[in-house]
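Note that these values count all heavy atoms, side chains included, but never hydrogens, waters or copies made by symmetry.
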Amino acid sequence: MSLADFTRYTLVLSPRHDDLVVTTRAPYNVTCWLVGRDDRPQIGLPGLRVEGSYDEGWRLRHLPTGATVTVTGDRHGVLQGPTDPRSNYSRLWGTDVPVTGEEQATLNALPRLTMDTETLLAALTVRLCAHAPDNSWDIGMWFYDLSDRPDRGHAHHRRLQVAESECTLHWDSDPHPEDLQAALTDPVAGLTGATTRPASDGWILQYGRTLLTACPDIYRV
């Protein structure tokens with residue numbers, strides 16, 4: 001099971017300080033991909049737990065960092081109604097379940113990141129569903145393109161390799177390379193201070209001391 005499967009849903013992601021708000025028409029399904037449970041401990045983000053269950057929404061807490069994730073069906077990104085423990089009917093792990101040994105091993109294996117790298121990765125995450133109001137670029141959740149341009153392929157292979165201050169991103173379908181570049185450098189919605197330059201197999205984005213090498217390999221049958 002892959003954490004990336006939750007991106008198959010239609011989402012709107014909005015970052016707040018220490019709180020990632022995920023607005024979706026299927027908040028329960030999305031939450032089930034983010035949080036593990038006894039019968040599926042391999043699913044989810046290591047250390048992420050249900051802190052509160054609401055009417056069509058969940059407040060999640062990441063135990064190692066204290067940050068929260070709000071998953072809601074409300075288009076304004078708020079949680080509706082009082083806390084309702086009965087809505088956690090899949091028995092997703094709550095904050096009373098400590099970080100497991102397997103989760104801790106996964107967390108320990110993560111590479112050390114600089115602040116610039118963390119910011120760049122966060123920028124990629126919150127732009128999963130971003131698009132320009134004039135439709136000049138569109139990320140399309142990395143699965144589809146809303147314009148009439150030719151398909152880039154349907155394999156949907158994606159690989160992000162991260163070191164302390166160097167990242168390499170390979171993908172072979174949507175979004176179109178120029179769209180991702182535009183989303184990260186847009187004068188209004190882009191990552192402030194990010195610049196790009198061509199590379200032999202794509203382009204390189206620099207943010208502070210961090211480099212992202214983007215390799216948009218075109219999938220061929």
Side-chain angles (χ1 to χ4, degrees), residues 1-107 110 113 118-131 133 138-144 146 156 158 160 175 183 188-189 191:
M1 301 296 180
S2 172
L3 182 62
D5 282 322
F6 94 101
T7 63
R8 296 181 182 273
Y9 296 90
T10 301
L11 309 170
V12 175
L13 295 101
S14 178
R16 299 172 184 165
H17 180 65
D18 282 342
D19 183 32
L20 176 63
V21 180
V22 182
T23 303
T24 173
R25 289 175 293 183
Y28 170 71
N29 292 6
V30 169
T31 301
C32 285
W33 284 111
L34 293 174
V35 182
R37 48 194 183 272
D38 287 343
D39 61 337
R40 292 189 176 182
Q42 74 278 20
I43 285 182
L45 180 69
L48 193 62
R49 301 290 188 264
V50 172
E51 183 175 75
S53 302
Y54 298 78
D55 180 21
E56 290 300 307
W58 283 263
R59 172 66 50 76
L60 313 178
R61 175 77 61 178
H62 190 238
L63 298 182
T65 62
T68 61
V69 178
T70 298
V71 185
T72 175
D74 183 87
R75 66 186 184 91
H76 299 294
V78 299
L79 294 169
Q80 298 287 348
T83 303
D84 181 11
R86 294 173 299 176
S87 65
N88 188 11
Y89 41 80
S90 269
R91 300 186 182 279
L92 303 175
W93 284 341
T95 52
D96 59 321
V97 178
V99 177
T100 68
E102 291 78 9
E103 288 180 310
Q104 191 60 58
T106 299
L107 293 170
L110 294 175
L113 306 179
E118 289 184 355
T119 301
L120 176 57
L121 294 178
L124 283 171
T125 300
V126 300
R127 285 166 178 77
L128 281 171
C129 57
H131 66 276
D138 175 45
I139 302 302
M141 295 300 299
W142 291 77
F143 283 105
Y144 60 87
L146 297 179
H156 300 305
R158 294 170 283 171
L160 177 63
V188 176
L191 181 59

Side chain to side chain contact (heavy atoms under 4.5 Å, CB included) between L113 and L121, intermediate numbers included
CA-CA 10 Å; L113 306 179; L121 294 178; 3.8 Å; yes

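- Residues W58 and P27 share a closest heavy-atom pair of CZ3-C, 3.8 Å.
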Check the pair R37, C32 against side chain to side chain contact (heavy atoms under 4.5 Å, CB included), reporting the backbone distance first and the verdict last.
CA-CA 9 Å; R37 48 194 183 272; C32 285; 4.1 Å; yes

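- Within the 4.5 Å cutoff, the side chain of V12 has no heavy atoms near those of the T24 side chain.
- Put simply, CG on L60 and OG1 on T70 are 7.5 Å apart, with the number rounded to the nearest 0.5 Å.
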Exercise answer: donor-acceptor pairs, residues 91-102 side-chain atoms, under 3.5 Å, sequence neighbours excluded:
| from | atom 1 | to | atom 2 | distance (Å) |
| --- | --- | --- | --- | --- |
| W93 | NE1 | D38 | OD1 | 2.8 |
| T100 | OG1 | E103 | N | 3.1 |
| T100 | OG1 | E103 | OE1 | 3.4 |

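- A distance-only check finds no donor-acceptor pair linking the side chain of T72 to the backbone of G77 [under 3.5 Å].
- For the atom pair L48 CG and T65 OG1, the distance stands at 8.5 Å (nearest 0.5 Å).
- I139 is not listed as a side-chain neighbour of H131, based on a closest heavy-atom distance of 4.5 Å or more.
- With sequence neighbours excluded, no residue forms a side chain to side chain donor-acceptor pair (under 3.5 Å) with Y54.
- Residues P64 and G47 come closest through the heavy atom pair CD-O, 3.8 Å.
- Taking CG of L11 as the start and CZ of R25 as the end, the distance is 10.0 Å to the nearest 0.5 Å.
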Before you tell me yes or no, could you show the steps for C129 and L13 under side chain to side chain contact (heavy atoms under 4.5 Å, CB included), namely the whole-Å CA-CA distance, both residues' side-chain angles and the distance that decides it to 0.1 Å?
CA-CA 7 Å; C129 57; L13 295 101; 4.1 Å; yes

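- Summarising the local packing, CZ of R158 is surrounded by more than 12 heavy atoms from other residues, nucleotides or ligands at distances under 6.0 Å.
- Here CG of L63 is found 10.5 Å from CG of L45. Values are rounded to the nearest 0.5 Å.
- Residues V22 and L20 form a side-chain contact, since some pair of their non-hydrogen atoms from C-beta on lies under 4.5 Å apart.
- Take T83 and apply the side chain to side chain donor-acceptor pair (under 3.5 Å) test, not counting sequence neighbours, and it matches no residue.
- Evaluation of the side chain to side chain contact (heavy atoms under 4.5 Å, CB included) rule for T68 yields D19, R59, R61 as partners, not counting sequence neighbours.
- No donor-acceptor contact under 3.5 angstrom links the side chains of D55 and Q80, judged on distance only.
- With V30 as the partner, the side chain to side chain contact (heavy atoms under 4.5 Å, CB included) test is satisfied by one option alone out of V69, T23, V71: V71.
- With hydrogens and angles ignored, the 3.5 Å screen pairs a side-chain donor or acceptor of R127 with a backbone N or O of A123.
- Residue pairs meeting the ring-ring contact (aromatic ring centres under 6.0 Å, His included) criterion with at least one partner in residues 60-85, sequence neighbours excluded, do not occur; the list is empty.
- With sequence neighbours left out, the side chain to side chain donor-acceptor pair (under 3.5 Å) criterion links R8 to D5.
- Nearest heavy atoms, W33 versus I43: O-CG2, 3.5 Å.
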